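Here the structure is a predicted model, which is why all the values come from computation and not from measurement.
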Amino acid sequence: MRNLNIIAIQEGTPIPEDIVTKYHLTFADLGKNAKLERISSFCGVVRRGTSILVSLPKHYIDLSKFNQLSISDKLKHVRLILRVIINYELNPAYSSFRRKDDLNTSFSFSSFFNIYDYFQNYGLHLKNRKNIEKGYSGKISWKDTMHKSQKIISAGNLVFLPFFVRHNVSDEDFITKCMIFAINYTEELFSELLTLPDNSSIASRGVDRSLKENSKAVIFKLEMMRREIFKDIDKKLLNDLIKFFRGINDNPHNVRDIKHYHFNNVWEKAVENYLNDHFTGVQDDTLIFGTPKNKFHFKKMILENYNNASDHHHDTLQPDHYYFDGSQNTQYIFDSKYYNSISGLNHKQFVYHMILCNRAVNTYDALIMPSENKTYTETHLDLAIKYLPLKNQRVKILLAHLNTQDVLEHFIEVGNDIK
């Protein structure tokens, strides 16, 4: 850990040219801002030896503060961000929100965790065989005893000496070695950056380098073995091992890179979880968070058939977080904004309000952005009286800045953490 050098940038902010060159950042890793400056377009890490580049989420922490932290404290932040990314990618609850190009890594984390789950539930894969040997303890193999033992007449009875008994023996096989490699190799690669499951019981077995150096041959052999396996659970293990070895063979130089290109989707789901567990209401035009007596149930809302124009019957709008409280005749229309800043009126939120305002007596609108500071709320729009529709007493849109670390830490805690 002492030898690590951690360089931080922030998604959406300019990247020095020497960083682009040193870490071999690709076209997909980069974007341009309004000033045509190169900016980071990903969250995650790029590792080259002992040098780590971390691209932090927008408004995660002030870079000057991050740079003053110790290596161990920097790693705590890196681990949190990577745990959020991997949880999001592996959690089936978010499968409908994920995109194929969200995550850029050749390493198959899904395969690793599946292999570890097998190990945790069933132990190492062992090949069972029957062993026949002389003895008097165990299940007697009468066929072997009658063919191999001496026949002795004793007191008028035919006696076989010695008995041959049958024992079931479990041997380690090639699959076992591959499991050990997958678990210990993952620990070797990512133990500094990720909180991984305990491998202490097999850690002393080390990493068999020959499996990595001959990964194509390993994959071929596993594919041949898959044809001879009949149990579904063992077939799945073989499939995960094959996928794991394909991952480390696909891009061996960049296998430690973990880059997420659409962290806005992660932010949206993290905000939804945070609202459902911590939002208590709106007071004095401020979003209040704490421990609610009655939890809210925010979810994405799909607005259809709002446009009568002949060419736009199928248009839809989707507020990210909507909740209607029937007991209070109050609706909440919130939308996540994974932005560096908001300038000018957010027209989409204004449209949400105008379309939905007749559904409830009280309507609260808010845009929700990440913030490196404490959570606070300001007013985004307070429509002047002369522009108000006749039926509406006010049109006000709030802008809530949620502390990014609080939201992401809660995302890890909501029950779907990777163990």
Enquirer: Is any side-chain heavy atom of Ile52 closer than 4.5 Å to a side-chain heavy atom of Val46?
Expert: no
Enquirer: Could you tell me whether the side chain of Met369 reaches within less than 4.5 Å of the side chain of Ile342, counting heavy atoms only?
Expert: yes
Enquirer: Do any N or O atoms from the side chain of Ser51 and from the backbone of Arg48 form a donor-acceptor pair under 3.5 angstrom?
Expert: no
Enquirer: Counting C-beta onward and ignoring hydrogens, is there a side-chain heavy-atom pair between Trp267 and Thr404 closer than 4.5 Å?
Expert: yes
Enquirer: Taking the six-membered ring of Phe181 (Phe, Tyr or Trp), confirm whether the NZ or CZ of Lys212 is under 6.0 Å from its centre and within 45° of its axis.
Expert: no
Enquirer: Do Ile219 and Arg246 make a side-chain contact, defined as non-hydrogen atoms from C-beta onward lying under 4.5 Å apart?
Expert: yes
Enquirer: Phe190 vs Phe109 aromatic rings, parallel, tilted or perpendicular, using cut-offs 30° and 60°?
Expert: tilted
Enquirer: I'd like to know if the side chain of Ser111 and the backbone of Ile242 have a donor-acceptor N/O pair within less than 3.5 Å.
Expert: no
Enquirer: Is the ring centre of Tyr352 less than 6.0 Å from the ring centre of Phe334?
Expert: no
Enquirer: Are Lys243 and Glu223 close enough, and set up right, to give a salt bridge (Lys or Arg N to Asp or Glu O under 4.0 Å), and what steps lead you there?
Expert: CA-CA 11 Å; Lys243 188 177 178 182; Glu223 288 175 337; over 6 Å; no
Enquirer: Could you point out which residue of Asp240, Asp234, Leu241 forms a side chain to side chain contact (heavy atoms under 4.5 Å, CB included) with Tyr118?
Expert: Asp234
Enquirer: Less than 6.0 angstrom separating the ring centers of His77 and Tyr60, yes or no?
Expert: yes
Enquirer: Is the centre of the Tyr332 ring less than 6.0 Å from the centre of the Phe279 ring?
Expert: yes
Enquirer: Checking the side chain of Asn33 only, and the main-chain atoms of Glu37 only, is there a donor and an acceptor separated by less than 3.5 Å?
Expert: yes
Enquirer: So, the side chain of Asp285 versus the backbone of Glu378: is there a donor-acceptor pair under 3.5 Å, distance only?
Expert: no
Enquirer: Could you tell me if the side chain of Val282 sits less than 4.5 Å from the side chain of Ile288, heavy atoms only?
Expert: no
Enquirer: Ignoring hydrogens and geometry, is there a side-chain-to-backbone donor-acceptor pair from Asn91 to Asn87 under 3.5 Å?
Expert: no
Enquirer: Is any side-chain heavy atom of His321 less than 4.5 Å from a side-chain heavy atom of Val271?
Expert: yes
Enquirer: With ring-ring contact (aromatic ring centres under 6.0 Å, His included) as the test, would you mind laying out the steps for Phe220 and Phe245 before giving the verdict?
Expert: CA-CA 10 Å; Phe220 179 80; Phe245 277 93; over 10 Å; no
Enquirer: Can you find a heavy atom in the side chain of Ile115 that is under 4.5 Å from one in the side chain of Leu237?
Expert: yes
Enquirer: State yes or no: are the ring centers of Phe119 and Tyr116 separated by less than 6.0 Å?
Expert: yes
Enquirer: Considering only distance and modelled atom types, tabulate donor-acceptor pairs under 3.5 Å from the side chains of residues 292-306, sequence neighbours left out.
Expert:
| residue | atom | partner | partner atom | Å |
| --- | --- | --- | --- | --- |
| Lys295 | NZ | Asp277 | OD1 | 3.0 |
| Lys300 | NZ | Glu268 | OE2 | 3.1 |
| Lys300 | NZ | Asp320 | OD1 | 3.1 |

Enquirer: Hey, is the main chain of Asp257 close enough, under 3.5 Å, to the side chain of Thr105 for a donor-acceptor pair?
Expert: yes
Enquirer: Using only heavy-atom distances, determine whether the side chains of His401 and Thr377 contain a donor-acceptor pair under 3.5 Å.
Expert: no
Enquirer: Can you list the steps and then say if Glu192 with Arg47 is a salt bridge (Lys or Arg N to Asp or Glu O under 4.0 Å)?
Expert: CA-CA 12 Å; Glu192 292 170 320; Arg47 183 165 185 172; 3.0 Å; yes
Enquirer: Sub-3.5 Å donor-acceptor pair from the side chain of Arg38 to the main-chain atoms of Ser40, do we have one?
Expert: no
Enquirer: For Ser64 and Asp62, indicate whether the former's side chain and the latter's backbone hold a donor-acceptor pair under 3.5 Å.
Expert: no
Enquirer: As a quick check of understanding, evaluate salt bridge (Lys or Arg N to Asp or Glu O under 4.0 Å) for Lys348 and Asp335, giving each step before the final call.
Expert: CA-CA 9 Å; Lys348 186 182 288 187; Asp335 215 47; 5.7 Å; no
Enquirer: Between Leu222 and Leu238, which heavy-atom pair has the shortest distance, and what is it?
Expert: O-CD1, 3.4 Å
